Amino acid sequence: MINDQDTPRKMERVSRNQVETNERFYKIPKALFENEFYADMKLETKMAYAILHDRFLLSIKNNWIDKNGDVYLIYKNSDLQTILSVGEKKVISLKKELADFGLLEEERQGLNKPNRLYVGNINVDFEVIHRVSPLGDKELSKRQSSETNLSETETNSFDEDEVTDNNNSQKSQQSFIAIGKIIQTNPELRSVVQSLIPDLLLNEPQQAEIVVRALDRGYHFLTTELEKGNSVLTLQKQLQGVAAIKQFLLSVGYKQVDYMHDHLIDISQYGKYFTSGFENRLKIAITTSQLASGF
């Protein structure tokens, strides 16, 4: 009889459906492995940083943003223990190491209230750790030692690629913070953003920031037009009350998102095309009495 444990498990390849439905992964910044500043950080600590950083989206959904516009987390030690399969002492040790590297601050909120966790930005100013080239045969080694090394152009190109990745990670964090500040200033946008672009928030925060800024401008545009006595918006307010502007914004936003779902190819252009199409649709929408028409 063959032992099931000795039988190789057939690999299941990632399908197109899984890719399109956004299979979830924790994202660990490359800088934690490639910047010399973090060379001594434990692997479990780097994983803990990724888990905490992954909570930003939930924080924005819950409007966990302080008076300074900084996003914070509510995450108990026991939850981190469960995910990492470690004890409380280990979790405390990991959080202390994150704090020592300037990547975590914890603020007490008083009796029976959970602490606020603030996740820090990765430092991308330190040099990338260069890895030793793989050993070849003796003849190849002799040839390499007698010939010119890699050109400065090639070496710099490698470094620039790595720095670009690190900068993108920092920009993503900055986008989360910027989105949080916009929503803090205009709380009406929170449910609109959650409904329109939940996946974009998680996977493309820089593009999401562009969309949120467009929604914020659109909200203020509609508010101003309503104050001017726009007949379409006035009718909507009579029908829907105080939620009229938000519902109008959602309706137009959904039409633009649906259009882009069928036509957009390059995700890096999402924010640009959403902004352009959304603003045009808003201007057309407030000039027709039928909001459901194909504007």
Side-chain angles (χ1 to χ4, degrees), residues 22 24 27 51-75 104-105 107 109 113-122 168-227 233 236-237 240-258 260 267-268 270-279 281-282 285:
N22 189 27
R24 300 186 305 152
K27 299 178 181 179
I51 292 171
L52 292 174
H53 189 276
D54 187 65
R55 305 279 295 184
F56 272 128
L57 179 60
L58 179 62
S59 292
I60 291 176
K61 286 183 176 180
N62 290 332
N63 201 30
W64 289 341
I65 304 162
D66 65 18
K67 61 183 180 181
N68 298 318
D70 296 327
V71 181
Y72 61 86
L73 315 177
I74 301 295
Y75 202 47
L104 185 67
E105 292 180 353
E107 288 188 0
Q109 297 302 303
K113 291 184 179 181
N115 293 347
R116 289 182 177 182
L117 300 181
Y118 290 86
V119 178
N121 286 318
I122 296 293
N168 285 340
S169 176
Q170 188 176 42
K171 288 178 180 178
S172 294
Q173 295 180 54
Q174 292 170 347
S175 290
F176 277 123
I177 293 172
I179 291 169
K181 289 181 178 179
I182 294 170
I183 292 176
Q184 183 187 36
T185 303
N186 187 357
E188 291 293 319
L189 287 181
R190 185 154 66 98
S191 60
V192 176
V193 172
Q194 291 172 6
S195 299
L196 284 180
I197 54 167
D199 291 338
L200 195 71
L201 268 175
L202 182 63
N203 298 310
E204 299 289 340
Q206 294 176 54
Q207 296 302 313
E209 180 188 350
I210 298 173
V211 172
V212 173
R213 291 188 183 281
L215 291 170
D216 188 45
R217 289 194 300 271
Y219 185 91
H220 290 294
F221 168 73
L222 293 177
T223 302
T224 300
E225 290 299 313
L226 178 61
E227 291 173 350
L233 295 174
Q236 292 299 316
K237 186 174 182 181
Q240 298 176 327
V242 293
I245 294 295
K246 185 167 64 175
Q247 293 301 321
F248 201 95
L249 204 68
L250 265 174
S251 179
V252 178
Y254 275 130
K255 290 181 182 296
Q256 181 61 23
V257 168
D258 289 344
M260 291 172 62
I267 191 66
S268 67
Y270 194 103
K272 173 184 175 182
Y273 284 107
F274 177 89
T275 299
S276 176
F278 178 69
E279 290 178 350
R281 288 175 185 273
L282 275 184

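As the structure is a computational prediction, the values presented were derived from the model and not from experiment. Reckoned from all heavy atoms, side chains included, excluding hydrogens, waters and symmetry mates.
Rounding to the nearest 0.5 angstrom, the gap separating the CD1 atom in Ile65 from the CD1 atom in Ile60 is 6.5 Å. Annotation: the span from Leu57 atom CG to Leu201 atom CG amounts to 5.5 Å, rounded to 0.5 Å. The CZ atom of Arg55 sits 6.5 Å away from atom CH2 of Trp64, with the distance rounded to the nearest 0.5 Å. Going from atom CD1 of Ile183 over to atom CG of Asp216 covers 9.5 Å, rounded to the nearest 0.5 Å. To the nearest 0.5 Å, atoms CG (Leu233) and OG1 (Thr223) are separated by 9.0 Å. Here the CD1 atom belonging to Ile245 is positioned 10.0 Å from the CD atom belonging to Glu188, to the nearest 0.5 angstrom.
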Inset, instruction - I would like to know whether Arg217 and Thr275 meet side-chain contact (heavy atoms from CB on, under 4.5 Å); could you show each step before the answer? - result: CA-CA 10 Å; Arg217 289 194 300 271; Thr275 299; 3.4 Å; yes

Legend entry - Full working for side-chain contact (heavy atoms from CB on, under 4.5 Å) between His53 and Gln173: CA-CA 9 Å; His53 189 276; Gln173 295 180 54; 3.1 Å; yes

Inset, instruction - Show the numbers, then the answer: is there a side-chain contact (heavy atoms from CB on, under 4.5 Å) between Asn203 and Lys27? - result: CA-CA 10 Å; Asn203 298 310; Lys27 299 178 181 179; 3.9 Å; yes

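Shown here for Asn63 and Arg190, the closest heavy-atom pair between the two residues is CB-NE, 3.6 Å. Residues Gln184 and Lys67 share a closest heavy-atom pair of NE2-CA, 3.6 Å. Nearest heavy-atom pair across Pro205 and Ile179 is O-CD1, 4.0 Å.
In this view, Leu215 and Leu189, Val192, Val193, Leu196, Val211, Leu249, Phe274, Phe278 satisfy the side chain to side chain contact (heavy atoms under 4.5 Å, CB included) rule, not counting sequence neighbours. Glu105 pairs by the side chain to side chain contact (heavy atoms under 4.5 Å, CB included) definition with Tyr118, not counting sequence neighbours.
At a threshold of 4.5 Å between non-hydrogen side-chain atoms, the residues Tyr270 and Val257 count as touching. Residues Gln206 and Ser172 form a side-chain contact, since some pair of their non-hydrogen atoms from C-beta on lies under 4.5 Å apart. At a threshold of 4.5 Å between non-hydrogen side-chain atoms, the residues Glu209 and Gln174 do not count as touching. With contacts defined as side-chain heavy-atom distances shorter than 4.5 Å, the pair Leu58/Leu73 does not qualify.
For the pair Ser251 (side chain) and Gln247 (backbone), a donor-acceptor distance under 3.5 Å is absent. A donor-acceptor pair is defined here as one N or O able to donate and one able to accept, closer than 3.5 Å; no such pair exists between the side chain of Asp70 and the backbone of Asp66. Gln207 places a side-chain N or O within 3.5 Å of a backbone atom of Ser268 that can act as its donor or acceptor partner.
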